[in-house]
Amino acid sequence: MCGIVGYIGHREAYPVIIKGLQRLEYRGYDSAGVALLDGDLNVYKKQGKVATLHDFAKDKPLGAKVGIGHTRWATHGAPSDHNAHPHVSNSGKLVMIHNGIIENYAAIKTELTQKGYTFKSETDSEVFVNFIEDIYQNTLVDLAEAVRLALTKVIGAYAIVILSTENPDLVIAARKGSPLVVGLGKNEFFLASDATPIIEYTNEVVYLDDQEIAIIENNNLTIKNIEDVEMKPYIQKIDMELEAIEKGGYEHFMIKEIFEQPRSIGDCLRGRLNANEGHLHLGGIQDYINKITNADRILIIACGTSWHAGLVAEYIFEEFCRIPVEVEYASEFRYRNPVVGEKDVVIAISQSGETADTLAAIELAKSKGATILGVCNVVGSSIPRATHAGSYTHAGPEIGVASTKAFTAQISVLAMMALMIAHKKGAIKESVYRNLLLELDAIPDKVAKCLDLNPQIEIISEKFKNATNFLYLGRGYNFPVALEGALKLKEISYIHAEGYPAAEMKHGPIALIDENMPVVFIATKDGSYEKIVSNIQEVKARKGQVIAVVTEGDTEIGSMADHIIEVPAAHEALMPLISVVPLQLLSYHIAVMRGCNVDQPRNLAKSVTVE
Ligand code: F6R
């Protein structure tokens with residue numbers, strides 16, 4: 001939710017910032033702006049994508065060596081030029097970008113209005129910069145101290161970067177609840193919402209912690225916390241290749257990321273699984289293995305696609321570990337009064353590691369004494385830092401807003417976690433365990449075989465691109481895949497789609513079925529195969545159009561369905577890793593054929609840092 005970039009150093013700031021904003025555009029794309037400080041302060045802002053801003057700015061003075069930029073996902077105030085960031089204070093001396101929400105902005109605005117401040121936008125961020133200005137002008141403190149004092153009074157979430165016309169050698173940044181990374185170059189500093197705008201220039205970064213303030217002045221970085229205590233910067237080396245954040249010849253990030261899955265699942269398993277030797281080890285949870293093995297219950301909290309991965313994990317954990325599992329939407333869990341105890345283990349799943357609801361749910365469970373594990377993709381993000389332990393998914397940067405490779409990497413990690421615990425607990429037979437390790441090891445090759453189905457899926461997509469509704473049905477391990485398939489389609493193609501357990505169809509959704517209703521069945525050979533065959537017959541009897549994802553060689557469903565997509569056989573517990581791939585491709589092609597922007601669907605942002 002909003003991407004921010006800042007630069008100070010020996011280069012021209014604008015190209016660094018605009019490229020950085022393009023890399024962060026997945027975080028928000030309804031308006032964008034830059035502020036460049038070069039004796040004068042020049043601020044350029046435009047509603048729309050970063051490309052619109054770039055076009056607008058091209059004839060303007062762009063030579064400054066210090067600047068900030070922002071790409072917005074609107075919270076307060078509709079997308080417009082005047083609501084776009086950066087925001088300039090009333091005196092014209094301070095300019096700020098902000099990612100987050102200031103909850104008490106209305107009270108501050110009233111106070112500032114009474115003092116004569118005026119506002120050009122409807123944003124909380126413009127109030128915030130003027131609040132800082134007011135403190136700065138009315139106390140005898142320097143700007144960094146004024147920022148710190150303001151931060152002690154605002155309620156909400158923020159990542160901010162501020163410049164002052166009075167001192168072009170100074171950049172002040174701070175975070176609470178919204179991510180912020182400082183990149184350390186040679187006589188230059190970068191600031192960004194994540195490391196992707198930075199890795200082109202340096203691999204040395206400092207991830208700011210909540211309530212920390214970074215002051216970059218005269219080529220020096222100082223970090224202090226909001227209590228005014230100086231902190232020693234913890235410099236990390238990031239291991240990310242530039243090509244991982246570029247399209248690499250694909251038309252969209254989404255299709256690149258779908259095709260990356262054999263590699264990303266392989267990366268996730270590497271160094272953890274040695275199937276031939278029967279070895280499986282997730283170092284990140286080792287210290288908590290006894291606690292997990294003896295847990296009363298496992299609670300999984302997540303949102304969206306990550307929640308679907310959690311549902312798959314529920315089935316796997318219960319089947320093999322014999323520990324009760326509950327899967328909760330983080331947004332619901334955090335606002336009720338859940339019963340959580342010290343013998344509960346919570347697994348928080350998040351691609352971005354920044355989802356506000358998931359973070360809040362973690363804090364709630366932590367306050368009740370539970371052990372919290374994280375399954376996250378973005379290294380150094382907030383969730384891994386808020387949890388007791390966890391495992392990264394190592395899927396590499398996921399830039400397409402619709403999650404694909406993160407989902408399969410999450411399931412891979414969760415399956416490994418479940419098998420490691422089941423084995424440690426003695427809840428799984430050695431032969432079953434060994435077989436599952438071999439099955440897991442074979443997944444990347446099987447996913448690669450699914451990708452060969454791409455041309456066939458493109459042809460099916462052409463037939464259904466004008467549909468207005470879709471049903472996705474699955475049972476058992478394939479039920480969460482039905483939910484995920486429906487979510488993928490609706491979020492990028494804007495076609496209404498519902499996922500259901502196939503057996504629930506007769507309790508309501510069957511009323512929707514007629515000759516215009518495409519029904520996607522995920523009907524691979526597993527324990528509920530015979531039942532789902534009956535469900536397909538029920539749909540065909542009502543003239544629904546059936547697209548069925550089946551196991552290679554299946555002739556029974558082939559004779560009933562209108563279209564079949566044959567995927568390689570696998571153990572049913574791991575089938576979601578395979579059966580989801582054709583659904584990702586189906587939604588991708590339909591969205592492209594409908595002319596939708598698949599990487600940046602309307603109203604969405606990749607990292608949901610607001611409630
Ligand atoms: C859907 C999608 C979202 C995310 C959700 C949680 O394609 O990407 O539903 O899964 O916003 O995000 P993370 O996993 O970053 O916590």
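Numbering of ligands and ligand atoms starts at 1, following listing order. All residue numbers in this chain count up from 1 along the given sequence.
- The atoms of ligand 1 that sit less than 4.0 Å from any heavy atom of Ser350 are 13 (P), 14 (O), 15 (O), 16 (O).
- Ligand 1 has Val401 within reach: a non-hydrogen atom of the residue lies less than 4.0 Å from it.
- Close approach of ligand 1 to Ala402 (heavy-atom distance below 4.0 Å) involves ligand atoms 7 (O).
- Taking 4.0 Å as the cut-off between side-chain N and carboxylate O, Lys49 and Glu25 do not count as a salt-bridged pair.
- In this structure, His85 and His98 have tilted ring planes: the angle between them lies in the 30° to 60° band.
- The minimum heavy-atom distance linking Arg27 with Pro179 is given by the pair NH2-CG, 3.6 Å.
- For ligand 1, the atoms closer than 4.0 angstrom to any heavy atom of Glu491 are 1 (C), 7 (O).
- Between Gln410 and ligand 1, no pair of N/O atoms sits closer than 3.5 Å.
- Of all the heavy atoms of Thr358, none lies under 4.0 Å from any atom of ligand 1, so neither backbone nor side chain is involved.
- The ligand atoms of ligand 1 that sit less than 4.0 angstrom from a heavy atom of Ser306 are 10 (O), 13 (P), 14 (O).
- Classification of Lys488 and Glu484 as a salt-bridged pair holds, one side-chain N sitting under 4.0 Å from a carboxylate O.
- Shown in contact with Ser403 at under 4.0 Å from a heavy atom are these atoms of ligand 1, numbered in order with element: 7 (O), 8 (O).
- The residues Lys449 and Asp445 are annotated as not salt-bridged, no charged nitrogen and carboxylate oxygen being separated by less than 4.0 angstrom.
- Applying the 4.0 Å criterion to heavy atoms of Gly304 picks out, from ligand 1, the atoms 9 (O), 10 (O).
- Ring pair Phe259/Tyr250 is tilted by interplanar angle, where 30° to 60° counts as tilted.
- Side chain to side chain, Thr524 and Asn478 meet the donor-acceptor criterion of an N or O pair below 3.5 Å.
- Between Lys488 and ligand 1 there is a heavy-atom distance shorter than 4.0 Å.
- A donor-acceptor pair is defined here as one N or O able to donate and one able to accept, closer than 3.5 Å; such a pair exists between the side chain of Asp210 and the backbone of Gly177.
- Residue contacts with ligand 1, taken as heavy atom pairs separated by less than 4.0 Å, do not involve Glu354 at all.
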